[in-house]
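Below you'll find the structure, written out as structure tokens, and then a few comments.
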There are 2 protein chains.
Amino acid sequence: MDGRQQGISIGDLSMRTEVNIETIRYYEKIGLLPAPGRTGGRHRVYGPAHVARLTFVRRSRELGFSLEEIRSLLRLVDGGHSSCSDVQIVTLKHLDDVRKKIGDLQRLERTLSEVASRCQGGSVPDCPIVEALYAPAQGAEA
Amino acid sequence: MDGRQQGISIGDLSMRTEVNIETIRYYEKIGLLPAPGRTGGRHRVYGPAHVARLTFVRRSRELGFSLEEIRSLLRLVDGGHSSCSDVQIVTLKHLDDVRKKIGDLQRLERTLSEVASRCQGGSVPDCPIVEALYAPAQGAEA
DNA sequence: CTTGAACCTGTAGTTACTACAGGTCCCATC
DNA sequence: GATGGGACCTGTAGTAACTACAGGTTCAAG
């Protein structure tokens, strides 16, 4: 019922952060999460700082940042020095990528729904979808 | 200047279809493209049917179909029997996936631009973006 | 007949994990 | 103090769809 906790096991950390155990170990291996202390029997023991860090990583992943981008963000955060505008640069770059991806998918969606609409679903020997797939790109996408 | 050609090399096929050479060999290895004939020295020799098939695969990839989906499409096309509605099913399923992905990215975009807009880019010690990343998901995305 | 470009096979690397296999540890209960 | 079974450990291999070599062979023009 208080804020204290000494020694969070990997299972507990996993439940608190909703990051699965293998992923936690993976993040440690690639250096996104600092190596925690260990018990006598080599079991990992985490503290509150690990919870915060892993939450940060998880949230960043949810927002679509790559692990490399997260690594950059963490460096900026750890650097401490006036990094807000740098963080903003990384974020805006990512936002731009997301918008591009949306645009690509919307073009795709248009082409695809156009192609699909040509087909009436009968048992036609020459399916218009199949014909479209045999033709080297000329449609609406570009 | 005519329609005849006997023996297309892998390099030619690559240029005609704009699929790179390693990818062509990869498609052969995983069974998407039938193994072609060979010269005495074991160089691959393709014919017009290979051009058509590879064009189909490439176009399908451009439209975002996975290799497994393309495999299914090819089975249907090869089956020959009244497969148009089956093709349509695969296509509509894919279209649905694309639309879902667009929706996911749009939600992401909203959250991300909201978070980014909080930051005025100064040298603030407590960056609002960083703060948002330390907080376990509560925002607009759901 | 000699280059050198094109081709060959096979393996390893990429992203972000997940899924084992085969073992060890912790701790609650008896 | 013994025991049992869940949680933990390391390390490797698999996923999608390629790309990039390394190290060797073949083709075709001159």
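The chains referred to below are lettered A, B, ... by the order of the sequence lines, with proteins before strands, and numbering in each begins at 1.
When distances are taken from the side chain of A/H43 to each of D/dA7, C/dA16, C/dC8, the shortest belongs to D/dA7.
B/R61 comes within contact range of the sugar-phosphate backbone alone, with a heavy-atom separation under 4.0 Å but no base atom that close. Using a 4.0 Å heavy-atom cutoff across all strands shown, A/I10 reaches sugar-phosphate atoms only and no base atom. No engagement by A/F65 is indicated, since no non-hydrogen atom pair under 4.0 Å with the nucleic acid exists.
The phosphate of D/dC8 has neither OP1 nor OP2 within less than 4.0 Å of any side-chain N or O from A/R44. The side chain of B/S9 places no N or O atom within less than 4.0 Å of a non-bridging phosphate oxygen (OP1 or OP2) of D/dC27. In this structure, B/T39 reaches the D/dC27 phosphate: one of its side-chain N or O atoms is under 4.0 Å from OP1 or OP2. The side chain of A/Y27 contributes an N or O atom lying less than 4.0 Å from OP1 or OP2 of C/dC17. For C/dT9, one of the phosphate oxygens OP1 or OP2 lies less than 4.0 angstrom from a side-chain nitrogen or oxygen of B/R38. Considering only side-chain N and O atoms, A/N20 lies under 4.0 angstrom from the phosphate OP1 or OP2 of C/dT18. For the OP1/OP2 pair of D/dT19 and a distance below 4.0 Å, the side-chain nitrogens and oxygens of B/T23 include at least one atom meeting the criterion.
Spacing between atom CE of A/M15 and atom P of D/dC8 amounts to 9 Å, rounded to whole angstrom units. For the pair A/I24 CD1 and D/dT10 P, the interatomic distance rounds to 13 Å; values are reported in whole Å. Note: OH (B/Y46) to C1' (C/dA6) measures 13 Å, nearest angstrom. Here D/dA13 presents its C1' atom at 11 Å from NZ of A/K29, a figure rounded to the nearest Å. Atoms CG (B/D12) and C1' (D/dC27) sit 13 Å apart, rounded to a whole Å. For B/E22 and C/dA12, the CD to P distance is 16 Å, given to the nearest whole Å. Atom CG in B/L32 sits about 12 Å away from atom C1' in D/dA16, given to the nearest Å. A straight line from CD1 of A/I21 to P of C/dC20 spans 15 Å, rounded to a whole angstrom.
Contact check on A/R25 versus A/E28 returns no salt bridge, with no Lys/Arg side-chain nitrogen under 4.0 Å from an Asp/Glu carboxylate oxygen. Ion pairing of B/E114 with B/R118 is present here, as a side-chain N (NZ or NE/NH1/NH2) and a carboxylate O approach within less than 4.0 Å.
A chain of hydrophobic side-chain contacts below 4.5 Å, direct or via other Ile, Leu, Val, Met, Phe, Trp or Tyr residues, connects A/I30 to A/V57.
Sequence order on DNA chain D of the closest nucleotides to B/G41 and B/E68 puts B/E68 first from the 5' end. When each of A/R42 and B/L67 is assigned the nucleotide of DNA chain D bearing its nearest heavy atom, the one mapping closer to the 5' terminus is A/R42.
Among A/K93, A/K101, A/K100, A/H94, the one residue that satisfies the side chain to side chain donor-acceptor pair (under 3.5 Å) test with A/D97 is A/K93.
In this structure, A/T55 contributes its side chain and A/V51 its backbone to a donor-acceptor pair below 3.5 Å.
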Practice prompt. Determine, stepwise, if the pair A/F65 / A/V90 fulfils side chain to side chain contact (heavy atoms under 4.5 Å, CB included).
Written response: CA-CA 9 Å; A/F65 288 100; A/V90 174; 4.2 Å; yes
